[in-house]
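Structure first, then comments.
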Amino acid sequence: MARFTDKVCIVTGGASGIGAKTAEMFVEQGGKVVVGDVNDTLGTEVCERIGADNAAYVHLDVTNPDACQAAVELAVEKFGGIDCVLNSAVKMAPGLLKDLPLENWNLMVNVGLTGTFLMSQAAGRWMIDNGRPGSIVTLSSIGGRQPYGMSGAYSTVKAALIMLARHLAIEWAGNGIRVNAVCPGHTETPLTAYLQDPEIKKGRSEVTPLQRVGQPVDIANGILFLFSDEADYITAAALDIDGGLSMTVMNHLPGRKWS
Ligand SMILES: NC(=O)c1ccc[n+]([C@@H]2O[C@H](COP(=O)([O-])OP(=O)(O)OC[C@H]3O[C@@H](n4cnc5c(N)ncnc54)[C@H](O)[C@@H]3O)[C@@H](O)[C@H]2O)c1
């Protein structure tokens, strides 16, 4: 039997990149998905590609609690419940913290952090009220573990998402709901369009121990593992999927290399 037979997943930011790939693979492995996004054109296309029997699109702005609740209601009405949630929605507005306009800060915090809270809360409430166990995965980033250029707001949000996942995990463990974070490294999606530049892609591949940039399937594989029963004893974890990139900082120190 496929590992997600009779399972239902809500994917925020599911119209693109890692969210779209995870939605497709969840269905390939037997499940049903509700794809939620603010990009209705792309979201509808993703669901058409997957097929109407197994995928439903909903316009979902994760900053709106009523919209999160509506996504839950759609999943219940159309597919009979909710087992998994992927929080993938993101809004980027990079800049130096010294100059970052408040509206850019608020945008990143509202979509990335508050949106993850609201979607997790709506789905978690339904799971708890209906006595249904579940698995929630939130996309953080290796940027949530270490600072980097122009990324002060993004990285702060991504760090907070790890703590939010841990809090939800501990609060809801007694309800059989597991909550984990995934921290991708550079992954080729519309968000990282600069990776289309062959020079940048080559340079980034060379500094990555596994010698390539990530693909959405690499991240989706980790997410689906955390959704699955194989991860039944894993909660409050943050899983790096970055080809080893974030563990290379000591190699950049000038000086003795013991060679
Ligand atoms: N691509 C990478 O290299 C990378 C690295 C680390 C972490 N991540 C994280 O993975 C997640 C997915 O990234 P991606 O690369 O697939 O991005 P993406 O840009 O391809 O997809 C993000 C989706 O979020 C949607 N979205 C934006 N605002 C929304 C809102 N208010 N409500 C609902 N949906 C909204 C967008 O329309 C888009 O479809 C993000 O959280 C991102 O921070 C990505």
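Of all the heavy atoms in V179 and A169, the pair that sits closest is O-CB, 3.5 Å. Summarising the geometry of A23 relative to V35, their closest heavy-atom pair is CB-CG2, 4.0 Å, with the distance given to 0.1 Å. Annotation for M25 and N221: closest pair CE-OD1, 3.2 Å, computed over non-hydrogen atoms. The minimum heavy-atom distance between A153 and L100, with the atom names listed, is CB-CD2, 3.8 Å.
Residues I177 and I128 meet the side-chain proximity criterion, which asks for heavy atoms closer than 4.5 Å. Contact check for T187 versus D218: no side-chain heavy atoms found under the 4.5 Å cut-off. No side-chain heavy atom of V182 sits less than 4.5 Å from a side-chain heavy atom of S140. Between R3 and E230 the shortest side-chain heavy-atom distance falls below 4.5 Å. Residues L113 and L161 are in side-chain contact: their nearest non-hydrogen atoms beyond the backbone lie under 4.5 Å apart. Taking 4.5 Å as the limit, some side-chain heavy atom of M127 sits within range of a side-chain heavy atom of I82. Taking 4.5 Å as the limit, some side-chain heavy atom of I142 sits within range of a side-chain heavy atom of L245. Between C9 and V85, every side-chain heavy-atom pair lies at or beyond the 4.5 Å cut-off.
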Derivation of the side chain to side chain contact (heavy atoms under 4.5 Å, CB included) call for I162 and K158: CA-CA 7 Å; I162 294 174; K158 292 299 179 185; over 6 Å; no
Working for side chain to side chain contact (heavy atoms under 4.5 Å, CB included), residues L139 and C183: CA-CA 6 Å; L139 277 160; C183 304; over 6 Å; no
Candidate pair K78 and V34, rule side chain to side chain contact (heavy atoms under 4.5 Å, CB included), full reasoning: CA-CA 9 Å; K78 185 147 168 79; V34 168; 5.9 Å; no
Pair V33-V8, side chain to side chain contact (heavy atoms under 4.5 Å, CB included): steps then yes or no: CA-CA 6 Å; V33 285; V8 182; over 6 Å; no
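For K201 (side chain) and R212 (main-chain N/O), no donor-acceptor pair under 3.5 Å exists by modelled atom type. Checked by atom type and distance alone, the side chain of T12 pairs as donor or acceptor with a backbone atom of A89 at under 3.5 Å. Between the side chain of T192 and the backbone N or O of Y194 there is no donor-acceptor pair closer than 3.5 Å. For the pair N110 (side chain) and N106 (backbone), a donor-acceptor distance under 3.5 Å is present. With hydrogens and angles ignored, the 3.5 Å screen pairs a side-chain donor or acceptor of N180 with a backbone N or O of A236. Checked by atom type and distance alone, the side chain of S120 never pairs as donor or acceptor with a backbone atom of F117 at under 3.5 Å. A donor-acceptor pair under 3.5 Å links the side-chain atoms of R178 to the main chain of L226, judged by distance alone. Looking at T114, its side chain never comes within 3.5 Å of a backbone N or O of T63 through a donor-acceptor pair. Side-chain N or O atoms of D229 include none that pairs as donor or acceptor with a backbone N or O of D232 at under 3.5 Å. Under the 3.5 Å distance criterion, the side-chain polar atoms of T208 are left unmatched by any main-chain donor or acceptor of L210.
Other residues, nucleotides and ligands contribute more than 12 heavy atoms inside 6.0 Å of the CG atom of N130. More than 12 heavy-atom neighbours from other residues, nucleotides or ligands sit within 6.0 angstrom of CD on Q211. Counted within 6.0 Å of CE on M163, heavy atoms from surrounding residues, nucleotides or ligands total 12 or fewer; the atom is thus considered open.
Between S246 and D242, the side chains place a donor N or O and an acceptor N or O closer than 3.5 Å (distance only, hydrogens not considered). The closest side-chain donor-acceptor pair between D37 and S16, if any, does not fall under 3.5 angstrom. One side chain, S151 or S155, offers a donor N or O that lies under 3.5 Å from an acceptor on the other.
Using a 4.0 Å cut-off between charged side-chain N and carboxylate O, R49 and E45 make no salt bridge. Using a 4.0 Å cut-off between a side-chain N of Lys or Arg and a carboxylate O of Asp or Glu, R145 and D240 qualify as a salt bridge.
With values rounded to the nearest 0.5 angstrom, Q121 atom CD is found 12.5 Å from T116 atom OG1. Once rounded to the nearest 0.5 Å, the distance linking CG of L168 with CD1 of I136 reads 6.5 Å. Taking CE of M108 as the reference point, atom CD of E103 lies at 10.5 Å (rounded to 0.5 Å). Going from atom CG of D197 over to atom NZ of K202 covers 11.5 Å, rounded to the nearest 0.5 Å.
Just one of L239, L86, I241 meets the side chain to side chain contact (heavy atoms under 4.5 Å, CB included) condition when paired with I223; it is L86.
Ring geometry for F26 versus F4: interplanar angle under 30°, hence parallel rather than tilted (30 to 60°).
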